[in-house]
*Asks:* 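Quick one: the structure is below, questions incoming.
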Amino acid sequence: MSDSDTSRLSESATSSSDNESPRESFTSDSSSKHTSPSSSPPKPVTLDDMMATTRNLGNLMLAHEIVTNGNFQLNHIDPPQNSLEGRVKQIVHKAFWDCLESELNEDPPQYDYAIKLFDEIKEILLSFLTPGTNRLKTQICEVLDVDFIKQQAEHNAVDIPKLGSYIISIMAKLCAPVRDEDVKNLKATGNVVQMLRDVFHVLDLMKMDMVNYTIQNIRPQLQRQLVEYERGKFQDILEKTPDALNKTTAWINESLRDAMQKQSGESSSGANGVSMDNLSPTLVLNSGYLKLLQVDYENAVPETLITDDLRIQDLRRKLQQVKIVASVCLVTQNTMGSYCTSAFTDHIKEISAILLQGMNNRAFNLRETLNALSVKLCFEMSKSLTERGLPTLSSDAQTNLQGQISSIIEKDHPIYNLIEKRIYEYLSTFLCLPYPYKRVPLLPGGLTTVQKELEFVAFHFANIVNFNKQVYGPFYANIFRKLLFSEAPGKTAETVSS
């Protein structure tokens with residue numbers, strides 16, 4: 001691949017021309033280690049390969065989530081007590097602490113379990129220390145010296161409350177401000193078992209705080225290296241699992257077929273006159289991305305987008321609500337005509353958004369909600385017209401309005417189909433903008449009322465798409481090369497796909 005074509009697929013959407021020539025883009029042999037992935041020949045997948053693939057995929061997804069989600073953090077979650085995991089954990093913990101209490105109640109007391117716990121506490125406290133705190137490290141090692149505690153235990157001279165007080169004081173120095181109150185509540189009492197349980201509980205929280213602090217520190221470094229890191233990890237996965245791009249290939253092939261059929265329909269010479277030289281890989285790829293936002297998209301998510309699958313699903317749900325709200329507003333405007341003011345349209349938009357909250361929950365009944373919304377809008381419309389001294393809607397007009405709103409989710413609804421078409425045209429234009437975005441495309445008619453919400457979806461979706469192209473552009477280039485040039489250039493889309 002030439003440098004210009006590599007950047008076209010690997011970088012953000014830097015070209016929106018319809019006249020790109022994929023023949024020149026995907027026939028060059030020049031490549032480099034960092035931009036051109038390689039595929040291993042088919043071989044049996046062993047258990048070690050599967051474990052390595054799982055590990056690489058986990059690392060890839062974790063790094064991606066840390067960088068793309070600024071609020072990402074790990075939380076300490078206890079399983080529900082009535083769950084199997086919760087009951088097993090409760091039984092095991094109770095057995096351990098009962099055993100410890102039994103040892104300490106013997107005459108003379110036995111400190112085997114207690115000493116192991118103090119040693120574990122020492123290692124946890126040392127793990128919190130930053131480089132350069134040698135003095136505190138030496139002090140912790142001296143006070144919680146296991147050999148010395150064992151000698152004291154042999155002579156029944158272990159002062160556990162004193163050790164507990166020291167541990168709590170060190171925890172107060174090392175904990176995050178959010179844990180100050182938890183540490184203050186710790187008490188070095190005579191109940192050794194309860195004290196140790198409370199100490200370990202707070203230490204678990206402190207370990208999670210340290211993990212999240214580390215995540216914040218490595219985020220800037222990951223941001224600078226994430227593209228190469230993800231690409232390298234995915235290449236490792238591809239070498240272990242040669243079929244790791246099957247779903248991605250099917251996804252691109254579907255978009256390529258649709259593009260060729262569309263071009264064939266627009267061409268006066270028919271399907272045999274389709275020229276692949278006029279197919280733009282960038283636009284074909286953008287069309288594939290947009291399909292992921294369709295509500296009825298049922299195909300498996302491509303492997304290259306699995307790290308952003310949940311984000312895309314969330315944007316798909318938001319976009320569906322935007323479509324319905326925009327359709328309701330446009331139906332209302334058409335019904336009221338010149339009597340519809342911008343303030344009333346905003347009022348209708350607010351009512352619709354409130355009633356449609358939670359529309360993606362399984363228990364949500366969209367049809368009933370639309371019926372209730374149509375009745376509410378008729379009431380609000382009559383109220384607004386009456387307050388302004390204007391003639392109210394006739395019963396036929398109200399019935400027609402309710403019918404249009406209640407049937408918005410039907411496939412043949414003209415207003416909804418028009419809104420959906422314009423939204424996807426807008427998103428398609430947005431994906432072709434070079435990053436960083438210096439301007440946004442002009443909104444098509446009928447979408448002004450949802451401009452803010454639509455731009456939110458477009459901006460976040462474009463960020464996902466552009467980063468995905470940077471990481472997986474070389475893999476997409478190989479797939480395009482195989483799909484476009486595995487057969488004679490004059491073949492139809494169906495022949496190429498086969």
Side-chain angles (χ1 to χ4, degrees), residues 73-79 81 85-215 217:
Q73 64 177 6
L74 299 179
N75 296 315
H76 183 80
I77 301 177
D78 288 323
Q81 292 185 356
E85 182 182 359
R87 291 196 297 269
V88 171
K89 180 179 179 180
Q90 185 178 8
I91 292 171
V92 172
H93 282 204
K94 186 177 184 302
F96 175 82
W97 294 114
D98 288 347
C99 184
L100 174 62
E101 186 175 15
S102 176
E103 273 197 352
L104 296 177
N105 290 334
E106 292 183 9
D107 189 19
Q110 300 297 315
Y111 296 99
D112 293 341
Y113 278 117
I115 292 175
K116 292 179 181 179
L117 292 180
F118 282 123
D119 186 43
E120 186 175 346
I121 291 173
K122 181 186 73 173
E123 296 301 325
I124 295 175
L125 293 177
L126 292 176
S127 69
F128 293 153
L129 300 181
T130 57
T133 54
N134 296 330
R135 183 176 179 181
L136 184 58
K137 178 180 178 180
T138 303
Q139 184 187 89
I140 292 174
C141 291
E142 289 178 354
V143 176
L144 298 179
D145 184 8
V146 175
D147 294 334
F148 181 67
I149 296 176
K150 286 180 179 179
Q151 293 178 7
Q152 290 180 319
E154 292 174 356
H155 298 85
N156 197 21
V158 180
D159 191 348
I160 291 184
K162 184 177 180 180
L163 290 175
S165 298
Y166 175 78
I167 291 171
I168 294 173
S169 66
I170 297 298
M171 291 171 63
K173 294 179 181 179
L174 300 178
C175 72
V178 71
R179 300 298 169 207
D180 286 343
E181 193 65 27
D182 294 322
V183 175
K184 287 181 181 178
N185 293 332
L186 295 176
K187 297 180 181 179
T189 61
N191 190 340
V192 178
V193 175
Q194 187 59 44
M195 179 199 69
L196 290 175
R197 294 186 70 166
D198 295 340
V199 165
F200 270 98
H201 173 70
V202 178
L203 284 175
D204 285 340
L205 299 177
M206 291 175 62
K207 285 192 290 185
M208 199 60 65
D209 295 337
M210 179 60 70
V211 170
N212 292 324
Y213 174 75
T214 304
I215 288 174
N217 286 340

*Asks:* Got a sec: does the CZ of Phe200 have more than 12 other heavy atoms crowding it under 6.0 Å?
*Replies:* yes
*Asks:* Can you tell me which residue pairs pass the salt bridge (charged side-chain N to carboxylate O under 4.0 Å, His left out) test with a partner in residues 192-204, sequence neighbours excluded?
*Replies:* Asp204-Lys207
*Asks:* When you measure from the side chain of Gln152 to the backbone of Asp159, do you find a donor-acceptor pair of N or O atoms at a distance under 3.5 Å?
*Replies:* no
*Asks:* How many angstroms lie between atom NZ of Lys122 and atom CD1 of Ile149, to the nearest 0.5 angstrom?
*Replies:* 8.5 Å
*Asks:* side-chain contact (heavy atoms from CB on, under 4.5 Å) between Thr138 and Leu136: does it pass, once the steps are laid out?
*Replies:* CA-CA 5 Å; Thr138 303; Leu136 184 58; over 6 Å; no
*Asks:* To the nearest 0.5 Å, how far apart are CG in Asp182 and CZ in Arg179?
*Replies:* 5.5 Å
*Asks:* Give me the atom names and distance for the closest heavy-atom approach of Leu125 to Met171.
*Replies:* CD2-CG, 4.0 Å
*Asks:* Please name the pair of heavy atoms, one in Leu126 and one in Cys141, separated by the smallest distance, quoted to 0.1 Å.
*Replies:* CD1-SG, 4.0 Å
*Asks:* Please check if the number of heavy atoms outside Lys89 that lie under 6.0 Å from its NZ is greater than 12.
*Replies:* yes
*Asks:* For atom CD of Gln139, is the number of surrounding heavy atoms from other residues, nucleotides or ligands below 6.0 Å larger than 12?
*Replies:* yes
*Asks:* Please check this pair: side chain of Ser165 against backbone of Pro161, looking for a donor-acceptor N/O pair closer than 3.5 Å.
*Replies:* yes
*Asks:* Look only at the side chain of Asn105 and the backbone of Glu101, and say whether a donor-acceptor pair between them is shorter than 3.5 Å.
*Replies:* yes
*Asks:* Rounded to the nearest 0.5 Å, what separation is found between the NZ atom of Lys184 and the CD1 atom of Ile168?
*Replies:* 14.0 Å
*Asks:* What are the two closest heavy atoms between Cys175 and Val183, and how far apart are they?
*Replies:* SG-CG2, 3.9 Å
*Asks:* Atom CG of Asp145 and atom NZ of Lys150: how far apart are they, to the nearest 0.5 Å?
*Replies:* 10.0 Å
*Asks:* Using 0.5 Å steps for rounding, measure from the CG atom of Leu104 to the SG atom of Cys99.
*Replies:* 9.5 Å
*Asks:* Please check: side-chain N/O of Thr133 versus main-chain N/O of Leu129, any donor-acceptor pairing under 3.5 Å?
*Replies:* no
*Asks:* Do Asp119 and Lys116 pass the salt bridge (charged side-chain N to carboxylate O under 4.0 Å, His left out) test, and can you show the C-alpha distance, the side-chain angles, and the key distance before you say yes or no?
*Replies:* CA-CA 5 Å; Asp119 186 43; Lys116 292 179 181 179; over 6 Å; no
*Asks:* Applying side-chain contact (heavy atoms from CB on, under 4.5 Å), run through Ile121 and Leu196 and close with a yes or a no.
*Replies:* CA-CA 10 Å; Ile121 291 173; Leu196 290 175; 4.1 Å; yes
*Asks:* Tell me which one of Ile170, Leu163, Ile115 satisfies side-chain contact (heavy atoms from CB on, under 4.5 Å) with Leu144.
*Replies:* Leu163
*Asks:* Has Phe96 got more than 12 heavy atoms of other residues, nucleotides or ligands less than 6.0 Å from its CZ?
*Replies:* yes
*Asks:* Could you grab the distance from atom CG of Asp209 to atom CG of Leu203, nearest 0.5 Å is fine?
*Replies:* 11.0 Å
*Asks:* Tell me if the centroids of the rings in Tyr111 and Phe118 come within less than 6.0 Å of each other.
*Replies:* no
*Asks:* Compare all side-chain heavy atoms of Val202 with those of Asn185 and state whether any distance is below 4.5 angstrom.
*Replies:* no
*Asks:* How about OH on Tyr166, more than 12 heavy atoms from neighbouring residues, nucleotides or ligands closer than 6.0 Å, or not?
*Replies:* yes
